[in-house]
Amino acid sequence: MTNARPPARASARSSVLVLGAGMVGTCTAIHLALRGHAVVLADRRAPGEETSYGNAGLIQQEAVEPYAFPRDAGKLLRVAFKRGIDVNYHAAAMPRLAGPLARYWQASGPAHYPAIAQAYARLIAHATPEHAPLIAAAGAEDLVLRTGYRWVFRTAATMDEALARAERLRGAYGVQHTALDAGALAAAEPALKARLVGAIHWPQPWAVRDPGALVARYAAHFTQLGGRIVQADAGSLRQNGNGAGWSLQTADGPLDAEHAVVALGPWADNLLRPLGYRLPLFVKRGYHRHYTGGPVPSMPWLDADRGLVVAPMQRGVRVTTGAEFAPRDAAATPWQMAGAEAAARELLDLPQPVEATPWRGARPCTADMLPVVGAAPRHRGLWFNFGHAHQGFTLGPASGRLLAELIDGVAPLVDPAPYAPARFGA
C-alpha cells in the first residue's frame, strides 16, 4: 500500500500547473504536492463536477483488460441497427470518428490486444492500493463500500460466456469471483424483484457512494498539503516566450509555472490541437439518473444482458447507461437513458427520478485503449495525463503518481513506455 507521507524527491522544488480537476488531475496534483512541488490545480468548475461526477462509482480492481472493439459480426450488426441500449451512435458523427475507430478496431485484434491488456493490467493492479491512502488521508471512508459488485444475468448463455471469461481472468491475473445461482442471488439481493438466472460477484472492486464527493474530498486534502485551486479556462495556457515555463489566465489573474500538466479528459484535444498534436482521441458519452425512496441494492449491479449499471448512491439509486458514440457537446439522445430506466425497472422498484433531466458526460478514449501519460514530445515542461476511457475514476491515483514520478525523474510505479505520448508519433 502506498505510504501517505511525502516521498523522497529527486529534483528541486518546482512550480506546476495542473489543468483539470477531475479524479486524474486532482490525484496528479496531490502526488506532486506530496513531493514538495508548488502546485496549482485549475479548472473552470469545482473539483469533481465534470466527468468524474457521472460514473458508476466503481474503483475497478478487477477490470484488468480494457474494452476491446467488438469483433463478433452478430454484435456489430445489433449495434449498427440499434437493437440494444448498451451502445448508441450518432450517424452524423461517424465520418469524423472513422479514423480513431479504425485504429481502435486494429488495436483490438489478436496482433496487438494481448500486449495492450498486459500494460493495462499493470496499472489496474495499483488501483485500490493507490486509492487506499488517499481515502484515509481525505477522511472519505464513509463514501466507500468494500463489498465488490455483481454482474447479474437474464440468460444462461450470457452467464456461461461471462463465467468462462472470469475463469480466464482468474488464471491470467488472479482476479477473484464467485458464481451465484438464481436462488443464491435472490437471497443475497432482496431488492431484486425479477427471478434471474444468476450472478457473478467480483469481491475486489470498491464502490463509492458519491463519486464527485470523493474527488472533492481529495481536492480538500490537496489544499491541506499546501496546494491551491483556482478557476481558469485551460484554453488560455501559453508557453512563455523563451520556451521556459507556462502561463495561465485565471479568475485571480495570470499564473506562471515551470511545468503544466494537461489532465483535461475529454477536453484535452481542444488544448492540444492548437499546439500541433494530432492524437487518435475520441469520446464515449454516457448518461445517468438518480431515483430515491425505493429499495436499494446491497452493492452495484451490472445488467450484463442489457448493458446498464444500477448502483446505490447517497442521492438514491443511480442508473447509468452504456456508451454513446457522438460529438462531445452534441444534444442529448433521450432513448438510451429511457431504455436503461425501463430495463432497471424490470429488476428493481424504482420511484420517480430525482433530476428533471438525466446527467450527460463524456469518457476520454484513445484508439489503443491505453491512457496517455508522460512528457509532451515537442514542448518542454508540458505533460499529459488523460485518455483513461472508462477507468479514469479507477486509475486517477495510480496515473497521478506515475506522472509525478516522471516529472521528478525517479523510478516509476510501472514501466511508462506503453503510455508515452510519443507512441502516436505526436
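We're numbering straight along the sequence, starting at 1. Everything numeric here is computed off the predicted structure, so don't read it as measured data.
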**Study point:** Exam field: side chain S399 to backbone G396, donor-acceptor pair closer than 3.5 Å
**Key:** no

Revision key, fill the gap. When H390, Q204, Q391 are each screened for side-chain hydrogen bond (donor to acceptor under 3.5 Å, both in side chains) with Q60, the one that passes is Q391

Practice item. Could you check whether the rings of F282 and F325 sit parallel, tilted or perpendicular, using 30° and 60° as the cut-offs? Key: parallel

Review point. Can R318 be said to sit on top of Y53's aromatic six-ring, NZ or CZ under 6.0 Å from centre and within 45° of the ring axis?
Key: yes

Revision key, fill the gap. Nearest heavy-atom approach of A93 to A326 is CB-CA, 4.1 Å

Review point. For M23 and H131, what are the C-alpha separation, side-chain angles and deciding distance, and is it a side-chain contact (heavy atoms from CB on, under 4.5 Å)?
Key: CA-CA 11 Å; M23 179 62 83; H131 268 282; 3.8 Å; yes

Review point. Which atoms form the tightest heavy-atom contact between L271 and P274, and what is the distance?
Key: O-CD, 3.3 Å

Practice item. Show the numbers, then the answer: is there a side-chain contact (heavy atoms from CB on, under 4.5 Å) between V18 and V39? Key: CA-CA 7 Å; V18 178; V39 188; 3.9 Å; yes

Review point. Going through the checks in order, is the side-chain hydrogen bond (donor to acceptor under 3.5 Å, both in side chains) test met by T320 and N55?
Key: CA-CA 7 Å; T320 74; N55 58 80; over 6 Å; no

Check your understanding: Side chains of E258 and S14: donor-acceptor distance under 3.5 Å anywhere?
Key -> no

Practice item. Specify the closest pair of heavy atoms between Q249 and P254, including all atoms of both residues, with the distance to one decimal. Key: NE2-CB, 3.6 Å

Revision key, fill the gap. Correct closest heavy-atom pair for F384 and P377 would be CE1-CD, 4.3 Å

Check your understanding: Does atom CD of E141 have more than 12 heavy-atom neighbours, drawn from other residues, nucleotides or ligands, at distances under 6.0 Å?
Key -> yes

Exercise for review: Given side-chain hydrogen bond (donor to acceptor under 3.5 Å, both in side chains), test T366 with D368 step by step and report yes or no.
Suggested key: CA-CA 5 Å; T366 66; D368 67 358; 3.1 Å; yes

**Study point:** Short side-chain to backbone donor-acceptor contact, R278 and R273, under 3.5 Å
**Key:** yes

Point to revise | Electrostatic pair R78-D86, nearest N-O below 4.0 angstrom | key: yes

Point to revise | Audit row: T333, H90, side-chain hydrogen bond (donor to acceptor under 3.5 Å, both in side chains) steps and yes/no | key: CA-CA 9 Å; T333 310; H90 288 191; 2.5 Å; yes

Review point. Is a side-chain N or O of R306 found less than 3.5 angstrom from the main chain of A340, in a donor-acceptor match?
Key: no

Exercise for review: Indicate yes or no for a side-chain donor-acceptor contact from T394 to the backbone of L58 under 3.5 Å, with no hydrogens or angles considered.
Suggested key: yes

Check your understanding: Between R45 and E50, is there a salt bridge with N-O shorter than 4.0 Å?
Key -> yes

Review point. For residues R285 and Y287, is any side-chain donor paired with an opposing acceptor at under 3.5 Å?
Key: yes

Practice item. With R146 as the cation and W206 as the aromatic partner, state whether NZ or CZ is under 6.0 Å from the six-membered ring centre and within 45° of the axis. Key: yes

Point to revise | P300 to P312 - nearest heavy-atom pair and separation | key: N-CD, 3.7 Å

Check your understanding: Could you walk me through whether F153 and D305 pass the side-chain contact (heavy atoms from CB on, under 4.5 Å) check?
Key -> CA-CA 6 Å; F153 300 95; D305 290 272; 4.1 Å; yes

Exercise for review: Show your working on side-chain hydrogen bond (donor to acceptor under 3.5 Å, both in side chains) between E62 and H177 and close with a plain yes or no.
Suggested key: CA-CA 9 Å; E62 94 299 346; H177 75 276; over 6 Å; no

Check your understanding: Does a donor on one side chain and an acceptor on the other come within less than 3.5 Å for R401 and H31?
Key -> no

Practice item. State whether a side-chain donor-acceptor pair under 3.5 Å links S15 with H259. Key: no

Review point. When you look at CD of E161, are more than 12 heavy atoms from neighbouring residues, nucleotides or ligands closer to it than 6.0 Å?
Key: no

Practice item. Flag this pair as yes if the NZ/CZ of R238 is under 6.0 angstrom from the six-membered ring centre of W246 and inside a 45 degree cone about the axis; otherwise no. Key: no

Practice item. Start with the C-alpha distance between R315 and E355, add both sets of side-chain angles, then the distance that settles salt bridge (Lys or Arg N to Asp or Glu O under 4.0 Å), and finish with yes or no. Key: CA-CA 10 Å; R315 297 192 67 194; E355 299 94 344; 3.6 Å; yes

Exercise for review: For residues Y277 and F424, establish whether the separation of their ring centroids is below 6.0 Å.
Suggested key: no

Check your understanding: Centroid-to-centroid, Y149 to H201, below 6.0 Å?
Key -> no

Practice item. Return the minimal non-hydrogen interatomic distance between C365 and K284, and the atom names on each side. Key: SG-CG, 3.7 Å

Practice item. Assess whether side-chain contact (heavy atoms from CB on, under 4.5 Å) is satisfied between I124 and Y173, documenting all intermediate values. Key: CA-CA 11 Å; I124 288 288; Y173 303 100; over 6 Å; no

Check your understanding: So, do W151 and W301 have ring centers that fall under 6.0 Å from each other?
Key -> no

**Study point:** Centroid separation Y120 to H388 less than 6.0 Å
**Key:** no

Exercise for review: Let me know which of V309, L350, D303 forms a side chain to side chain contact (heavy atoms under 4.5 Å, CB included) with V319.
Suggested key: L350

